[in-house]
Amino acid sequence: MCGIVGFSGKEKAVDAIYTGLKHLEYRGYDSAGIAVNNNGSLRMLKASGNLENLKQKLDNDKLEGPCGIGHTRWATHGAPTDVNAHPHLSSDGKFAIVHNGIIENYLELKEELIKEGYKFLSETDTEVIVHLLEHYYKGDVKEAFLKTVSRLEGSYAIGVICSDNPGVAYAAKYFAPLIVGIGDGENLFASDVTAIIGHTKNVIYLEDGEFAEISKDKVTIYDFKGNEVKKEISKVEWDVESAEKGGYEHFMLKEIMEQPKAIKSAIEPRIKNGRIVLENEEELASACKNIERIVISACGSAFHAGYVGRYIIEELCKKSVKIEYASELRYSSPVINEKALTIVVSQSGETADTIAALKECKARGSKVLAIVNVVGSTIAKLADFVLYTYAGPEIAVATTKGYTTQVAVFDLFAVWLADKLKTIDEKIYNNLVDDIMQLPERIQRSIDLNPNVEKLARKYYKNDVVFFIGRNLDYAVGLEASLKLKEISYLHSEAYAAGELKHGTIALIEDGSLVVALACREDLYAKTMSNVKEVKARGANVVAVTDEDNKDIFTEASDVILIPKINSLFVAACEVVPLQLFSYYIAKERGCDIDKPKNLAKSVTVE
Ligand code: M6R
């Protein structure tokens with residue numbers, strides 16, 4: 001969703017800000033804008049649509065000045081027009097502001113400000129902030145800023161410049177992502193690391209309720225009471241190439257191909273001398289000791305990774321596992337208390353629904369373990385325990401390596417917990433650890449075995465609807481494969497537990513329907529094949545996904561996708577990879593914007 005960049009340096013801020021915004025494009029947006037402070041005079045340019053539209057304006061009308069702020073807006077309050085695009089200016093022209101998040105009490109504030117005589121130009125909630133700043137400003141920006149944030153309810157990351165203080169940019173964070181980058185003769189703030197990694201690897205992770213003041217050679221952080229806070233400077237582990245396409249046509253394809261390496265990063269540091277060693281494991285083991293059940297909560301693909309985790313944990317740890325959409329958890333009456341361990345899963349660590357579910361579970365007394373990719377994210381900070389997935393930056397909106405690394409962490413966690421709870425013996429434990437260690441190589445083989453997926457996509461890309469069927473883990477993978485296809489190719493697709501098909505959905509199967517049958521769990525193969533026969537009898541074309549030793553499949557299916565043989569419990573990451581490629585090539589054939597599908601945002605920071 002919205003992206004923010006702030007910059008103070010020696011030269012033209014506009015270049016650094018525009019490049020930063022380019023790196024935030026993946027978050028999803030529908031308009032953009034930049035404001036700079038040139039020796040005490042604020043100038044801004046905004047454009048609806050993509051950054052190219054803004055670039056055209058910037059090319060024709062130079063924005064000079066060493067300090068400024070920029071924004072990519074994903075519309076919530078008001079259409080994606082030039083007027084609603086950020087930055088917004090105060091009536092006296094002294095302040096420019098950019099904002100990510102939602103001001104929940106904006107109507108009440110707007111009414112109050114209108115009575116004071118302020119005129120609103122846009123439909124946004126953001127505009128109340130800039131008028132409040134003007135209202136409270138008596139010559140001290142910090143004071144005005146702190147008074148302003150004390151009036152705001154909701155979530156926000158804010159960037160501000162003030163004409164009276166050329167060379168200084170201000171930022172505040174409250175339940176929306178914001179980090180500060182410490183450069184050499186220049187400093188920045190941004191919604192995430194991708195926007196600043198070209199300048200510096202040194203970052204400060206702001207906490208909610210903190211305010212930053214940056215100039216070219218100084219960064220000062222305050223809390224919302226105005227007290228200075230001493231902050232640790234962290235080093236970002238990855239480099240600028242990780243956030244670039246590296247010769248691939250799309251980020252999604254690059255990220256699919258990176259999966260063997262990403263899974264290795266998730267697994268290897270946690271296996272020492274044949275034993276799984278998790279972060280903070282003594283405390284985690286003690287939190288898990290007397291639990292009666294596990295609740296997994298997440299959204300989208302992270303929910304699907306949780307679905308995989310559910311089957312593996314139940315099978316190995318003999319604990320009841322409930323999986324609940326994070327967006328629904330608060331509206332049900334979940335049995336969550338100190339006897340439950342909650343696991344939340346999130347690539348970005350900023351998903352508003354998942355944050356709300358996490359808080360709900362904590363409030364009910366449950367300890368929360370978070371499986372997260374983005375270091376220092378809100379979910380990582382709020383949880384009692386964190387297992388990072390170490391996938392590196394994921395830029396394509398459709399997650400691939402984000403999902404498979406979550407699955408790999410579930411594989412590790414399930415075996416680790418089974419050992420702690422003594423539900424498996426030493427021999428089984430050792431075999432399972434060996435199987436997990438083989439995952440990076442098996443995933444590479446999953447890619448290598450399927451050079452024909454592109455041809456397969458060309459055969460089927462005109463189909464109107466695709467059904468994915470499978471049982472147990474195959475079904476969980478089908479959910480993810482189906483979502484992948486929907487989100488990037490806009491093809492209607494559904495995933496069904498294979499046995500459910502005959503209870504209604506089979507009515508939709510007709511001549512030429514495409515059914516992708518996931519049949520990688522050997523123990524369930526025969527059952528899934530009977531469902532394959534049912535759809536074939538009604539004219540469907542069947543693409544089967546199974547392991548490479550299975551020779552019978554060629555008589556059952558029209559086309560086959562093979563994956564390497566692996567312990568059935570850990571099949572998910574290998575099985576999903578060729579299906580990610582299948583979706584990718586179908587979307588390409590259909591001429592879709594693969595990395596930035598319509599209507600979607602990378603991290604969904606509104607509920
Ligand atoms: O950042 P998160 O993992 O919390 O995001 C959750 C979902 O929004 C995300 O997985 C979404 O479904 C992806 N676009 C799927 O590719």
Side-chain angles (χ1 to χ4, degrees), residues 1 3 26-28 74 175-177 191-192 194 250-253 255-256 259 262 266 296-309 323-329 343-359 368 370-383 386-410 476-477 479-490 493 495 576-577 579-584 587 592-607:
M1 295 199 150
Y26 78 98
R27 295 168 67 89
W74 192 84
F175 292 104
S191 298
D192 69 49
T194 51
H250 295 99
F251 277 110
M252 183 177 177
L253 187 58
E255 287 158 8
I256 291 173
Q259 287 178 107
I296 300 175
S297 195
C299 300
S301 295
F303 176 84
H304 298 152
Y307 225 105
V308 171
I323 169 137
E324 185 78 78
Y325 284 116
S327 52
E328 282 291 308
L329 190 133
I343 306 180
V344 293
V345 192
S346 175
Q347 188 283 128
S348 63
E350 300 294 347
T351 301
D353 287 317
T354 312
I355 293 172
L358 184 163
K359 288 182 178 167
V368 177
I371 298 178
V372 177
N373 188 33
V374 177
V375 175
S377 54
T378 304
I379 291 178
K381 283 185 191 145
L382 289 175
V386 184
L387 295 176
Y388 283 113
T389 54
Y390 301 127
E394 191 179 61
I395 309 292
V397 165
T399 181
T400 52
K401 62 176 181 169
Y403 165 84
T404 45
T405 50
Q406 287 161 354
V407 167
V409 171
F410 267 117
V477 175
L479 291 170
E480 174 57 11
S482 170
L483 178 65
K484 216 75 319 173
L485 190 61
K486 277 189 268 244
E487 65 182 339
I488 62 166
S489 75
Y490 318 139
S493 130
V576 83
V577 169
L579 294 172
Q580 294 167 341
L581 286 166
F582 186 56
S583 299
Y584 172 82
C592 301
D593 188 353
I594 294 180
D595 284 337
K596 287 174 268 152
K598 66 174 184 214
N599 303 339
L600 297 184
K602 181 68 181 167
S603 83
V604 184
T605 51
V606 294
E607 285 175 40

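Indexing begins at 1, ligand by ligand and atom by atom, following the structure's order. Along the sequence shown, residues are numbered consecutively beginning with 1.
Among all protein heavy atoms, the one lying closest to atom 7 (C) of ligand 1 is Cys299 O, 3.6 Å. Remark: minimum distance from atom 1 (O) of ligand 1 to any protein heavy atom is reached at Ser348 OG, 2.7 Å. When only non-hydrogen protein atoms are considered, atom 11 (C) of ligand 1 lies nearest to Ser301 N, 4.2 Å. The protein atom (non-hydrogen) at minimum distance from atom 3 (O) of ligand 1 is Gln347 N, 2.6 Å. Among all protein heavy atoms, the one lying closest to atom 8 (O) of ligand 1 is Val604 CG2, 4.1 Å. Closest to atom 16 (O) of ligand 1 among all protein heavy atoms lies Glu487 OE2, 2.4 Å. The shortest contact between atom 5 (O) of ligand 1 and any protein heavy atom is with Thr351 OG1, 3.5 Å.
Close approach of ligand 1 to Ala302 is summarised as follows: ligand atoms under 4.0 Å from at least one heavy atom of the residue are 3 (O), 10 (O). Each of the atoms 1 (O), 2 (P), 3 (O), 4 (O) of ligand 1 lies under 4.0 Å from some heavy atom of Ser346.
Scanning all heavy atoms of the two residues, the minimum distance from Tyr490 to Lys598 falls at OH-N, 2.9 Å.
By the criterion of a heavy-atom distance under 4.0 Å, neither the backbone nor the side chain of Glu350 is placed next to ligand 1.
The shortest heavy-atom distance from Lys484 to ligand 1 is under 4.0 Å.
The aromatic rings of Tyr307 and Phe303 sit perpendicular to each other, their planes meeting at more than 60°, with 30° as the lower class boundary.
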